[in-house]
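Taking it in order: structure first as structure tokens, then the write-up.
From a predicted model like this one, the values you see are computed outputs, not experimental measurements. We name chains A, B, ... by the order of the sequence lines, and we start the count at 1 in each one.
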Amino acid sequence: MASTAGGQPTAGTGLALQSKLTSILGVFTSLLLTFIGLTAITFVIGRMMPADPVLAIVGDRASQEVYDQVYLQLGLDKPVYIQYLRYLEQLVEGDLGTSIMTAQPVLDDIIRFFPATLELATVATLLGIFVGIPMGVLAAVHQGRWPDHIVRVISLVGYSAPIFWLGMVALLVFYANLGWVAGPGRLDVFYDGIVEPATGILMVDAAMSGEWDIFHNALSHLVLPAMILGTFALAYIARMTRSFMLDQLSQEYILTARVKGMPEYKVIWGHAFRNVLVQLITIIGLTYASLLEGSVLTETVFSWPGIGQYITNSLFNNDMNAVLGGTIVVGACFVGINMLSDLLYRLVDPRIRK
Amino acid sequence: MTTEATLRGWLLAEIPTSKLQARCQRVFIGWLDFKRNPIAMIGLLIILGLVVVAALAPWITTSNGLELDLANRLKPPSSQHWFGTDELGRDIFDRIIWGSRITLYIVALVSIIVVPIGLLIGTVAGYMGGWVDTVLMRLTDIFLAFPRLILAMALVAVLGRGLENAVLAIALTTWSPFARIARAEALTIRNSEFILAAQMQGISTVGILARHVTPLCMSSVTVRLTLDMAGIILTAAGLGFLGLGAQPPTPEWGAMISLGRQYLIDQWWVPTIPGIAILVVSLGFNLLGDGLRDVFDPKSGN
Amino acid sequence: MSDSKLLSVEDLHVTYNTPTGLVRAVSGVSFDLGHEKLGIVGESGSGKSQTGRAILGLTATGGTVGARRLEFKGTNLLNASERTMRQIRGGGISMIMQDPKYSLNPVMTVGSQIEEALLIHNRTSKRVARERTYEMLRAVKIREPERVYKAYPHEVSGGMGQRIMIAMMMIPEPDIIIADEPTSALDVTVQLQVLAVLDDMIRERGMGLIFISHDLNLIASFCDRILIMYDGRVVEECTAAELEQAQHPYTRGLVNCLPRLDGGQDELPVLKRDPSWLTPPGATR
Amino acid sequence: MIDIQGLDVVFGHGRKVFHAVRDVSLSVEKGQSYGLVGESGSGKTTVLRALAGILERLARVSGEMTVAEETLLRHRSQSFRRRVQMVFQDPFGSLHPRHTVDTILSEPARVHKLDRIEQRVVHALEEVGLDASFRFRYPHQISGGQRQRVSVARALITSPEIILLDEPTSALDVSVQAEVLNLLMRLKREHGLTYILVSHNLAVVAHMCESLSVMQNGAVVETMSVQQLREHSSTMPYTQQLLTASLGYDRTAIDAFEEFA
């Protein structure tokens, strides 16, 4: 009797959990290492900067004595690795230095500017997800026929257009000519400062304090840049969805589902798409992260007071603390989001790697 | 007619009789495949057009695109100035044509820097495995994790503004995906039996990497490179737009948009034309890359 | 035997339109299937798998299927609506594929995939479906059905994966099972154990089986009747016992070129292919 | 000719250790064909690859191996590389897809600095029954059987004394299998080669070899002559079961199968 029963499942649930934990630990280690690399690069950039950090503090009329004192204070006489450790220590304490331009701590500036970027990137990513994914699936299912061609052309054009130029043209058409939406900035000037910033995300703040006029105005300002940024997200997500989906549809298990007598829509959404979704998590994470930084150009075109514009302006004013601080924060967000999506991917995919 | 027939016959002969013929046949059959793909062909035509225009710039244009003609400022498109003139009276058509050289220059320079580095790091990491792989890939991940445009901006801040520094900054942020791709290919290749067979023959590691692993990475690297060229062009244009790339009066398309920005409402052609140029060229690379992927991908092929 | 006929195939053709011209994958295959085990044997590219897929209406895109008759229990499969075909697939005719590693959905649990097969064809409560699934897993001799139910495909061995596949295809109680190289990814002993499970279930339920394989030995010992295919055509049909006396030179060649365990051959007889076995172009339709 | 003592192969590190081969010893006389039989995961291919010296980067290999009085070190000598060759299972996977037959065949000759490379290539092709028209084709342009012949030709280029055969026919149709087996037998006779043949197919081993080892879970279960195999005079139940299974489907015999863990 015992003869015919097959083997056991090779991994019990306990073991599976354990290896899942190990792989999560791996993600954290790699996050830490990546972050150290990130800071090392910004540190090097900061050191290579043509500007003299001491002069930036004391001004060029200071005496040699004062200069030397600050030089020692900054630890510039110490070996490079000590300086780096000091730099790390400051970072961990949240000390990104003071901005020359605003005369405020860089961290405070960033906290003020960041919500605007977050708002823009979030709306754009949502657009990419809710429009891009169905488009990609549609294209894959009708591979080689007209829905596929249309989706392909849209995503290729969306992928190829210079975003800052697209923004300018959109402003010309929809704001200047048609007047459908509000122009650059986050709000019209006369609404400025009415709503107390709670979350920093204007629409939320406005809605919370019941200022619906402001809510509408904010929305009207947001639509255009979010659409422009969203086009890029949509193009990328649709394209990846299409290729993942094509890949899955050619798998053997799809044939199995059809052999079972399953209706085609269930084969597509119930079987193929489930596998695609697992892969898409990483792609969506990547899109979101890259929109946080890709908004530099969009923010410039739309005078959107976000972190991208902050970094650009600081760059032109030789405000290096602000540039490096902004880079670190955006980089950390980029790394953090990618790590989160990686974690999520590992939790969702039953096939734990290795 | 007959020479064409014999050439075709030679290229399609059932039994090749020399190494040269076998190679040419491979390329030719690939070309036949490629030709059937309309997307790739459109892309190829755009890119060929770009190259031809850039090569023939002195003969196509009437000016060097730099000389001022203040009497003819901001003239709309006409038979004399096909794309109109800019705020300093320069012919936009001529500037676009000269700008194509800059675009090609950027793309070529970045590719020359990026591909060898990516291939070397990727194949070595994937093939050797172990701690070599761990170290190299960690390094790659750090660069991959870096926000591309912002790192490029920060680097330009250090190195100073200008085209060459922009290229260097872009290259520094572009090589990592190539290392990733090459590694992924090398990983799948390294345990295949033909690599074991090569080891069995006593072929050195360098020989295996150069003659066995690298050629197989080339198709995916080529596809990625073509697709990335669009990204490179857009990043370079973005840097130019921000004033961090090529400096005026260089006719770089991104910088042209940036300078023409204030004339958008009344003289739309000044910033719009260079934008279209960027769009077309980057679309060309994307189409070509997409088509190449279709050709190289065994699944969509036979 | 004729009144208990389940499937009848007459002059089946499958053609593919490729850039290099028409390719005939199957040309003029005819057979009837009753409550029996029918083996289809042939080398790679002989059209044996294409025959199985054509019956289920699952020929890949670019392929066209034609036949004088393709009938399952009185239903013409050639002009059946997609709806009817869906009912027949799984509920009437089912198929077991080669490698469970690829033919099970990697991100769904084994249990939900089996259950799903039942729920497509029978309206029952989730609880009943689960009970039936456990029952089915026990029937294919899986010791701990509750545990396997919750497992993902990558967590089970190849032999168990193929039993799961059998359970999944048997649960809507079809009349015919098509098994396309169901055991060629498995080791010999596991292969035979899986076949024993399949054999027992087919016999108990009085089903018909089409067993597609390249392994002549296995087919001869497992099936009742054998079709030998070459280049898209059936070159010979015989009962398993008669294989040793097969007439067609191709069949004889296949039988003789196998090395034998009891040895005694210095050199294996090599199959000499005769161009006259090939489908004459344009001979049919 | 070949002597292996106490071979152990371990893959992986830490928790994911996999002991693929345990304490395997075997010896093969010159001119003999030696079979290694077992189911998947039994370690038979790993033994072959450990001997071939292509596992260093992937696993820890310990034990003593000598080939023709040469004790094998971690890095094989060039003379070993010339004298010992291998034919792999997958006729597609073992040929580089971007190299022509000519490149595939001439590369080993060039590495070992042999002379008259062109004649060697043509001669090797002749030996495996392929004419010169195959020289400049790519692997995807020829059939599976022809690819396997090219693999054999590549192994012959350096005039080896030993050829390791890793399931050389299991991916082929039976009619092609017969041709390749005949070819291998003829080459062995003509060149006095020594073979180690890894296969899961008992009949192929019985046809080709004089003696064999049955492997299971990384260890050798039984070593016997092919005569004993043919007479079913095995003493080990595992071997008996493999033998029964290889005879084909027999419903009653299957109920008596045991699980060997």
Quick check on the interface: out of C:Met95, C:Met108, C:Met168, who has the most heavy-atom pairs with chain A under 4.5 Å? C:Met108

Output the option from C:Pro100, C:Ser103, C:Gly90 having the highest count of non-hydrogen pairs under 4.5 Å with chain A. C:Ser103

Toward chain C: residues of residues 124-141 of chain A with heavy atoms under 4.5 Å: none

C:Arg53 versus chain A, heavy atoms under 4.5 Å apart: side chain, backbone, both or neither? side chain

Chain A heavy atoms under 4.5 Å from C:Gln113: which part of the residue, side chain, backbone, both or neither? both

Less than 4.5 Å to any heavy atom of chain A: does that hold for the side chain of C:Met97, its backbone, both, or neither? side chain

Using non-hydrogen atoms only, which part of C:Ile120 is less than 4.5 Å away from chain A: side chain, backbone, both, or neither? side chain

Using heavy atoms and a sub-4.5 Å threshold, report which of residues 252-262 of chain A line up against chain C, by residue number. A:Glu252, A:Tyr253, A:Leu255, A:Thr256, A:Arg258, A:Val259, A:Lys260, A:Gly261, A:Met262

Would you tell me whether A:His271 and C:Glu116 have side-chain atoms, one donor and one acceptor, within less than 3.5 Å of each other? yes

With a 4.5 angstrom heavy-atom cut-off, is it the side chain or the backbone of C:Met85 that approaches chain A, or both, or neither? neither

Where does C:Tyr102 contact chain A at under 4.5 Å (heavy atoms): side chain, backbone, both or neither? both

What part of C:Pro172 lies closer than 4.5 angstrom to a heavy atom of chain A: side chain, backbone, both or neither? neither

Assert top hit (heavy-atom pairs under 4.5 Å, partner chain A, pool C:Gly159, C:Pro106, C:Ala117) equals C:Pro106

A:Met227 atom CE, neighbour heavy-atom count above 12 within 6.0 Å: no

